[in-house]
Amino acid sequence: MTDKPDLLLIGRVTDRMMDRLRTRFTVHSLFDEADQTAFLTREGARFTAVSTDGHHGLTPAPVEFLPNLKVVSSYGVGYDGIDAKGLAEQGVIVAHTPDVLNDEVADTAILLWLAVSRRLIPADAWARSGAWEREGAFPLTRSVQNQTVGILGFGRIGQTIAARAEMFNARVLYHARSPKDVPHTYVESPVELAAASNVLICITPGGAGTRHLVNAEVLDALGPEGILINVARGSVVDEAALVAALSEGRLGGAGLDVFEDEPQIPDALKAMEQVVLTPHVGSATVETRRAMGDLTCDNLIRFLDEGRVHTPVPECRGLNEAVA
Ligand code: NAP
């Protein structure tokens with residue numbers, strides 16, 4: 001027996017995270033249980049704390065077995081897989097890991113844009129395959145200099161992307177739910193943003209509020225020379241409409257880190273050389289994942305010590321601040 005509180009772990013964590021969590025909690029990994037429902041039925045009432053991640057979230061199924069839940073700490077900034085509003089109403093504080101990944105995800109967006117525009121993957125294949133010796137110079141590509149860059153979602157990461165785009169002499173436009181106090185032009189709708197942009201970069205949250213924000217109309221507005229970059233969530237882009245627009249030449253190219261049915265990627269996208277695909281690695285570097293892991297643990301440990309967390313999601317800020 002131990003007097004440490006019980007923590008339910010959903011998903012996998014790094015060794016560093018596990019070591020830190022074990023200093024203060026008795027950690028039970030849900031994924032180690034052959035029959036998760038039986039385990040939760042038997043043991044669920046013991047857990048006051050959950051550690052999860054943006055991928056697994058926290059579905060209603062475990063929550064109904066956790067009557068004494070007080071805190072959920074998620075490894076990742078996006079929490080569309082967690083009903084934060086519902087949990088806040090039950091007095092549960094949900095924490096996430098904002099800011100520590102802004103630079104990494106912004107780098108990923110720029111990496112995809114450059115790779116699509118300058119055709120990095122086909123150029124690499126040209127060099128490796130011997131086509132250079134056989135056929136001569138690789139065809140000319142399109143410059144990323146002096147472009148109009150539309151950013152859909154202009155929060156922490158969107159504004160970090162804007163700062164990078166300026167290094168390429170871009171004119172930055174953006175759309176969000178409301179205008180910001182920034183020296184860039186606010187555009188009223190995703191369609192108008194796409195129509196005015198050479199490249200459209202999506203970096204909103206996922207979930208019902210942004211589902212298919214980028215639809216056929218937006219893609220047509222971006223046009224046959226336009227490039228779509230999605231580092232937000234797969235749900236933000238209508239993937240069927242995207243495949244159709246690319247295959248019919250109504251859209252120029254795409255750089256995609258996220259997909260509607262991860263880890264499934266439509267075969268049609270895999271076959272397109274004007275598309276660059278990455279497997280949801282926006283924040284996936286050793287350095288940034290370490291910072292995210294540390295913040296995930298810090299939130300749980302602070303909750304244990306003070307009853308509140310460092311970085312609550314907006315729906316839980318009131319609850320968190322009520323703890324003086
Ligand atoms: P944030 O600071 O909350 O910014 C989100 C932005 O999206 C805000 O500007 C918000 O507008 C805007 N937005 C929300 N709903 C919208 C809607 N319906 N229409 C238009 N704009 C809308 O979040 P962040 O830290 O920048 O992170 C953004 C998202 O990036 C995360 O939620 C996650 O889904 C994604 N992400 C992906 C990866 C990856 O690995 N690919 C990694 C990290 C994050 P307002 O400001 O007007 O409210």
Side-chain angles (χ1 to χ4, degrees), residues 11 53-57 74-82 84-85 94-113 150-165 172-182 184-194 197 200-215 217-218 228-238 254-260 262-263 265 276-285 287-289 291-293 295-296 311-317:
D53 57 44
H55 176 66
H56 294 96
S74 187
Y75 173 81
V77 69
Y79 57 97
D80 41 302
I82 301 175
K85 187 166 174 284
V94 178
H96 64 155
T97 62
D99 290 316
V100 294
L101 40 58
N102 292 352
D103 285 325
E104 215 66 74
V105 182
D107 287 354
T108 303
I110 299 295
L111 176 72
L112 287 169
W113 171 32
I151 303 182
L152 181 56
F154 212 61
R156 291 169 292 247
I157 304 172
Q159 294 183 37
T160 310
I161 293 170
R164 281 158 173 67
V172 174
L173 311 176
Y174 72 97
H175 173 74
R177 287 175 296 194
S178 61
K180 315 292 162 208
D181 184 16
V182 293
H184 303 296
T185 305
Y186 179 75
V187 178
E188 289 291 337
S189 72
V191 175
E192 291 166 89
L193 183 67
S197 301
L200 180 68
I201 302 179
C202 301
I203 188 64
T204 63
T210 56
R211 186 176 146 73
H212 290 186
L213 209 54
V214 176
N215 55 20
E217 196 189 353
V218 173
L228 177 78
I229 303 299
N230 188 10
V231 286
R233 284 285 185 264
S235 59
V236 177
V237 175
D238 180 342
L256 308 169
D257 186 48
V258 288
F259 305 89
E260 281 203 324
E262 294 178 10
I265 300 176
V276 176
L277 306 168
T278 49
H280 203 149
V281 294
S283 66
T285 64
E287 296 85 353
T288 294
R289 288 292 169 87
M292 290 163 61
L295 185 50
T296 305
T311 48
V313 301
E315 292 86 342
C316 298
R317 273 185 201 143

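We count ligands from 1, going down the list as the structure has it; atoms in each ligand are counted the same way.
Atom CD of Glu260 has more than 12 heavy atoms from other residues, nucleotides or ligands within 6.0 Å. Residue-environment remark: NZ (Lys85) stays at or below the threshold of 12 foreign heavy atoms within 6.0 Å.
Atom 1 (P) of ligand 1 has as its closest protein heavy atom Arg156 NH2, 3.5 Å. Protein heavy atom in closest approach to atom 18 (N) of ligand 1: Gly209 O, 3.2 Å. Looking from atom 33 (C) of ligand 1 to the surrounding protein, the closest heavy atom is Arg233 NH1, 3.7 Å. The protein atom (non-hydrogen) at minimum distance from atom 7 (O) of ligand 1 is Pro205 CD, 3.3 Å. Protein heavy atom nearest atom 45 (P) of ligand 1, with residue, atom name and distance: Lys180 NZ, 3.2 Å. Among all protein heavy atoms, the one lying closest to atom 21 (N) of ligand 1 is Ala176 CA, 3.5 Å. Nearest protein heavy-atom contact of atom 19 (N) of ligand 1 is Leu213 CD2, 3.7 Å. Here the heavy atom of the protein found nearest to atom 4 (O) of ligand 1 is Gly155 CA, 3.3 Å.
Here Asp99 has no heavy atoms under 4.0 Å from ligand 1, in either its backbone or its side chain. Both the backbone and the side chain of Arg177 come within 4.0 Å of ligand 1, counting heavy atoms alone. Heavy atoms from both the backbone and the side chain of Ile157 come within less than 4.0 Å of ligand 1. By the criterion of a heavy-atom distance under 4.0 Å, both the backbone and the side chain of Ser178 are placed next to ligand 1.
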Report task. May I have the step-by-step check of side-chain contact (heavy atoms from CB on, under 4.5 Å) for Leu152 and Leu213, ending in yes or no? Result -> CA-CA 9 Å; Leu152 181 56; Leu213 209 54; 4.1 Å; yes
Query - Audit row: Asp103, Arg164, salt bridge (Lys or Arg N to Asp or Glu O under 4.0 Å) steps and yes/no - result: CA-CA 9 Å; Asp103 285 325; Arg164 281 158 173 67; 3.2 Å; yes
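For ligand 1, none of its N or O atoms has an N or O atom of Val258 under 3.5 Å away. The shortest N/O to N/O separation between Asn102 and ligand 1 does not fall below 3.5 Å. In terms of N/O distances under 3.5 Å, ligand 1 is not approached by Val281.
Closest approach of Ile201 to Ala109, counting heavy atoms only: CG2-CB, 4.1 Å. The shortest non-hydrogen separation linking Pro98 to Val77 is CA-CG2, 3.6 Å. Among all heavy-atom pairs drawn from Leu228 and Cys202, the shortest one is CD1-SG, 3.9 Å.
Ring geometry, Tyr186 versus Tyr174: the interplanar angle exceeds 60°, so the pair is classed perpendicular (tilted spans 30 to 60°).
Near Thr210, meaning under 4.0 Å from any of its heavy atoms, are these atoms of ligand 1: 15 (N), 16 (C), 17 (C), 18 (N). In summary, the atoms of ligand 1 found under 4.0 Å from a heavy atom of Phe154, numbered by their order in the structure, are 6 (C), 8 (C), 9 (O). Within ligand 1, the atoms closer than 4.0 Å to a non-hydrogen atom of Gly153 are 6 (C), 7 (O), 9 (O), 12 (C), numbered from 1 in the order shown. Each of the atoms 40 (O) of ligand 1 lies under 4.0 Å from some heavy atom of Ser283. The distance from ligand 1 to the heavy atoms of Val105 drops below 4.0 Å at these ligand atoms: 42 (C), 43 (C).
In this structure, Pro98 does not count as a contact residue of ligand 1, since none of its heavy atoms falls inside 4.0 Å of the ligand.
Of the listed residues (Val77, Thr160, Thr204), the one carrying the non-hydrogen atom nearest atom 29 (C) of ligand 1 is Thr204. Taking all heavy atoms of Thr108, Ile151, Val231, Asp80 into account, the minimum distance to atom 36 (N) of ligand 1 is reached by Val231. Closest to atom 39 (C) of ligand 1 by heavy atom, among His280, Glu104, His175, is His280.
When Ile203, Val100, Asp99 are each tested for a side chain to side chain contact (heavy atoms under 4.5 Å, CB included) with Arg156, only one passes: Asp99. With Ser283 as reference, Leu101 is the one residue of Leu101, Asp107, Thr97, Asn102 to meet the side chain to side chain contact (heavy atoms under 4.5 Å, CB included) rule.
In this model, no donor atom of one side chain and acceptor atom of the other lie less than 3.5 Å apart for Asn215 and His212.
Rounded to the nearest 0.5 Å, atoms CZ (Phe154) and OG1 (Thr204) are 14.0 Å apart. Rounding to the nearest 0.5 Å gives a distance of 9.5 Å between OG of Ser235 and CD of Glu262.
Salt bridge annotation for Arg233-Asp257: absent, with no cationic side-chain nitrogen under 4.0 angstrom from a carboxylate oxygen.
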